[in-house]
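The basis for the numbers below is simple: all heavy atoms, side chains too, and nothing from hydrogens, waters or symmetry mates. Read the numbers this way: they start at 1 and go in the same order the structure lists the ligands and their atoms. Count residues from 1 along the sequence.
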Amino acid sequence: MIRLFVQVPLREGGDVPLEGDQSHYLIRVMRLGEGDEVRLFNGADGEWSARIVEAGKRGCRLRTEAMARPQSSAPDVELNVALVKRAPLETIVEKATELGVNCIRLLRTERTNPDHTNLERLAAIAREAAEQCGRLDVPQIHAAERLADRLAAWDGERALMFCDEAGDAQGAVAALLGKGPGPWAVLIGPEGGFTSAERSAIRSLAATTPVSLGPRILRADTAVIAALSVWQSVLGDGAGLEVGSALPQVRD
Ligand code: SAH
């Protein structure tokens, strides 16, 4: 079933006009036509079944029929990631979206390359990943800011899982067990790693829990996948447990 993210309110019997890429994708690429069903979601009103009522050259029109899934809240985990090269950054956006982050904050650090990010392109990657993986919203990608500014503005309510490759941190699962379900942020550094000054600045936040992802140095995109998989499985919705339960419930 094709799912599309739209930015219009969704309610019963509503008209949803599609133009440009989305219409082209449905009509030309997927070769759908009048009467075919798709699913629509907009990040607020849940997921709706909709039918194509008009399919033209320049666009098409859908009519929403029924709510297929109510909007549900997901664990509150955001990714704070240092800028890396284009291909791994696109991988990071796609995988972090699949792994349920609610937003992605890009960071400039001592060792990041100059910021050539194309936020439009990253937003399109996030949207496509959200449509594919079945989530009901699309994570926002925030433009790069300096690590120091980010730390200075840190919201004390948000715990920080600091993925520290220096090797002197507790294993991630052990470090997270028993911690509260959120809100959380996962922090991943650049290809060149964090400087020792940056590491101590990050560790100086009361909200910080340093974690190790094992004895090998992972590439940033691998580290994002590993860290978010651990976080979701221990504190999020990755283990199929209700959000926030750090230990498997004893099933009698
Ligand atoms: N400093 C390394 C490269 C850093 S890898 C080098 O000099 O080659 C990029 C980021 O991934 C790191 O900053 C860290 O956030 C994360 N990372 C990689 N391996 C990790 C590990 N074993 N434990 C914790 N974090 C890790």
Side-chain angles (χ1 to χ4, degrees), residues 75 77-117 122 125-126 139 141-155 158-179 182-236 238 246:
V77 59
E78 65 175 46
L79 176 64
N80 286 226
V81 61
L83 289 172
V84 292
K85 291 189 182 66
R86 177 164 171 250
L89 186 59
E90 294 184 358
T91 301
I92 284 171
V93 168
E94 182 178 74
K95 300 313 168 194
T97 300
E98 292 172 59
L99 287 164
V101 297
N102 63 16
C103 79
I104 298 174
R105 296 184 184 282
L106 303 175
L107 297 173
R108 283 198 305 279
T109 70
E110 290 291 311
R111 295 177 180 160
T112 45
N113 313 312
D115 180 3
H116 297 308
T117 37
L122 295 181
I125 290 169
I141 320 274
H142 296 273
E145 58 183 313
R146 288 172 356 103
L147 173 66
D149 297 342
R150 185 89 197 90
L151 295 179
W154 198 265
D155 156 17
R158 186 171 292 277
L160 171 55
M161 176 183 178
F162 166 37
C163 296
D164 185 347
E165 78 275 13
D168 55 352
Q170 209 179 4
V173 171
L176 293 183
L177 276 181
K179 299 277 188 189
W184 278 82
V186 173
L187 174 59
I188 303 278
E191 287 102 341
F194 290 110
T195 64
S196 52
E198 286 172 336
R199 290 182 60 237
S200 49
I202 297 163
R203 284 167 172 264
S204 68
L205 281 189
T208 294
T209 299
V211 307
S212 166
L213 296 173
R216 288 168 295 281
I217 297 284
L218 310 177
R219 287 191 183 282
D221 45 355
T222 313
V224 165
I225 295 168
L228 286 171
S229 300
V230 166
W231 190 90
Q232 285 289 16
S233 293
V234 176
L235 293 176

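Between H116 and R86, every side-chain heavy-atom pair lies at or beyond the 4.5 Å cut-off.
Counting only heavy atoms of the protein, atom 5 (S) of ligand 1 lies nearest to L218 O, 3.1 Å. In this structure, the protein non-hydrogen atom closest to atom 7 (O) of ligand 1 is G192 O, 4.2 Å. Atom 10 (C) of ligand 1 has G189 O, 3.4 Å as its closest protein atom, hydrogens excluded (heavy atom only). Nearest non-hydrogen protein atom to atom 2 (C) of ligand 1 is I217 CG2, 3.7 Å. Remark: minimum distance from atom 9 (C) of ligand 1 to any protein heavy atom is reached at P190 O, 3.1 Å.
Distances below 4.0 Å separate heavy atoms of V211 from the following atoms of ligand 1: 24 (C). Interface of G193 with ligand 1, defined as ligand atoms under 4.0 Å from a residue heavy atom, comprises 1 (N), 4 (C), 13 (O). Atom numbering of ligand 1 starts at 1 in the shown order; those under 4.0 Å from a heavy atom of I188 are 10 (C), 11 (O), 15 (O). Remark: ligand 1 atoms within the under-4.0 Å shell around heavy atoms of R216 are 19 (N), 21 (C), 22 (N). For ligand 1, the atoms closer than 4.0 angstrom to any heavy atom of A223 are 11 (O), 16 (C), 17 (N). Which parts of ligand 1 touch C163 is read off a 4.0 Å heavy-atom cut-off, strictly below it: atoms 14 (C), 15 (O), 24 (C), 25 (N).
Scanning R111, E191, E165 for the heavy atom closest to atom 3 (C) of ligand 1 points to E191.
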- Start with the C-alpha gap between L106 and H142, add the side-chain angles, then the distance that decides, and say whether side chain to side chain contact (heavy atoms under 4.5 Å, CB included) holds. CA-CA 6 Å; L106 303 175; H142 296 273; over 6 Å; no
